[in-house]
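Since the structure comes first, as structure tokens, the remarks are kept for the end.
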Protein chains: 2
Amino acid sequence: MRDRTADTQRDTAKVPDREENMNQFDWDHSFLCDFDLKKGFSQKAETTKRYLSQMKDMYYDTEAAGKILEQEDPLIYEFYELGCPERAGDLAFGTTILYPGKVGGEYYMTKGHFHTQLETAEVYYTLSGQGYMVMENPEGDTVEMPLAPNQAVYVPRRYAHRTVNTGNEPLVVFFTFAADAGHDYGTIETKGYHKMVVEKDGKPVIVPNPKW
Amino acid sequence: MRDRTADTQRDTAKVPDREENMNQFDWDHSFLCDFDLKKGFSQKAETTKRYLSQMKDMYYDTEAAGKILEQEDPLIYEFYELGCPERAGDLAFGTTILYPGKVGGEYYMTKGHFHTQLETAEVYYTLSGQGYMVMENPEGDTVEMPLAPNQAVYVPRRYAHRTVNTGNEPLVVFFTFAADAGHDYGTIETKGYHKMVVEKDGKPVIVPNPKW
């Protein structure tokens, strides 16, 4: 029998060493990770960042993406991975911070993915911002759910999912999924999703992706 | 191929019929459920409630519990179940609202449980309030983690877990776990946890449970 009360109190009092301890969590024991309830950021962990250059071909208007990249390489989104081992029974969790902006008429979005274990769901809880969860299954059934603070959205088993920011501030979501779900980006990267979220007359509209 | 854009927009505009539609979600398709980011309550779903009479023997001071029950049967906590089917790959999620109060010197707490599938974790994210997550595994290893807004706590595989409210306002947490994890209350109900959280000189302290 082991008593970790003392350890716990030490851990929570300790300021993590940014150089050494970021994202070093022990998933066999309990740990804390802070996420700002509005901005999503953690003092204790480090984000993975996705810049436009890493996903320029995922936007419909590749020419517009190219023009932006001649000037700058904007940060599209960042998220926490925390190093969860891909083991059955564990749960990966964290926040995603998706910035506002557009490429051509298309709103900034995450890459999105299927789970490699297709029959695994994911739960998202929106902390701030406005947007959509854009989903589709391998049969091509599509569904989009509006994201807004206070709203949790269930991404059912079998559905690829991508978040899109249609607002003027960062879209911040807290997510949890099975650690061994895996990520399959390839299927979606080839042609993109069946649906796109674009600005039309100053408002977001969901339109078919002409590449399909 | 099916396009649910129209359905989605209808769903979000529709005010749910409280009599008929509470907790009726279709886990094969995406759905939204609101949870207030501070208070935890949903307009769309209904809580399950736990009163003192349902857990009076879980507090160490059964005499104090008896005395309270002669006067009233206080609501200790409530939580959302949402009717998630116990299927592999699905995720149950919701909030728990644990009220402030004490039975004898022991702070209000949830029943707590092991998962029947012992090797399954759970993620909690504290929205408001103060308290502890009290955990132990079948070997009797114990660990307590402080709960506070902005903090996510990882309940690792194999650990029974209970939330305790040590503050003066409701403790509100958002949780996610594997839908087929199952709940084993019995093991913990017999003797309780190895550790208790009690008030001493106006402050919460973690002490061994004398029943062990």
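Residue numbers start from 1 in every chain, and the chains themselves are labelled A, B, ... in the order their sequence lines are given, proteins ahead of strands.
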Which atoms of B:L118 come close to chain A, meaning under 4.5 Å heavy atom to heavy atom: side chain ones, backbone ones, both, or neither? neither
Got A:S30 and B:V143 here, is their nearest side-chain heavy-atom distance under 4.5 Å? yes
Under a 4.5 Å cutoff for heavy-atom pairs, which residue among B:L127, B:N137, B:T126 has the most contacts with chain A? B:L127
With a 4.5 angstrom heavy-atom cut-off, which part of A:F174 approaches chain B: side chain, backbone, both or neither? side chain
Side-chain donor or acceptor of B:Y125 paired with backbone N/O of A:F35 under 3.5 Å: yes
Looking at CZ of B:R157 and CG of A:D90, how far apart are the two atoms once the value is rounded to the nearest 0.5 Å? 4.5 Å
Kindly determine whether A:E119 and B:R87 satisfy side-chain contact (heavy atoms from CB on, under 4.5 Å), including the steps that lead there. CA-CA 10 Å; A:E119 301 285 335; B:R87 300 186 304 195; over 6 Å; no
Just do the side-chain contact (heavy atoms from CB on, under 4.5 Å) check on B:Y154 and A:F25 with the steps written out, would you? CA-CA 10 Å; B:Y154 195 64; A:F25 299 100; over 6 Å; no
So what's closer than 4.5 Å to chain B heavy atoms on A:F93: side chain, backbone, both or neither? side chain
Interface check, chain A: of B:V123, B:T120, B:D28, most non-hydrogen pairs under 4.5 Å belong to B:V123
Taking side chain as everything from C-beta outward and backbone as N, CA, C, O, which of these in A:A88 sits under 4.5 Å from a heavy atom of chain B? Side chain, backbone, both or neither. backbone
Spell out, as yes or no, whether a donor-acceptor pair under 3.5 Å connects the side chain of B:N150 to the backbone of A:L37. yes
Is chain A contacted by the side chain of B:F31, its backbone, both, or neither, given a heavy-atom distance below 4.5 Å? both
Pairs of heavy atoms under 4.5 Å with chain B: top-ranked of A:C33, A:P149, A:A148: A:C33
If contact means a heavy atom pair closer than 4.5 Å, which residues of residues 161-168 of chain A contact chain B? none
Between B:M145 and A:L32, which heavy-atom pair has the shortest distance, and what is it? SD-CG, 3.7 Å
Return yes when atom NZ of B:K111 has more than 12 non-hydrogen atoms of other residues, nucleotides or ligands closer than 6.0 Å, and no otherwise. yes
State whether the number of non-hydrogen atoms from other residues, nucleotides or ligands found under 6.0 Å of A:K38 atom NZ is greater than 12. no
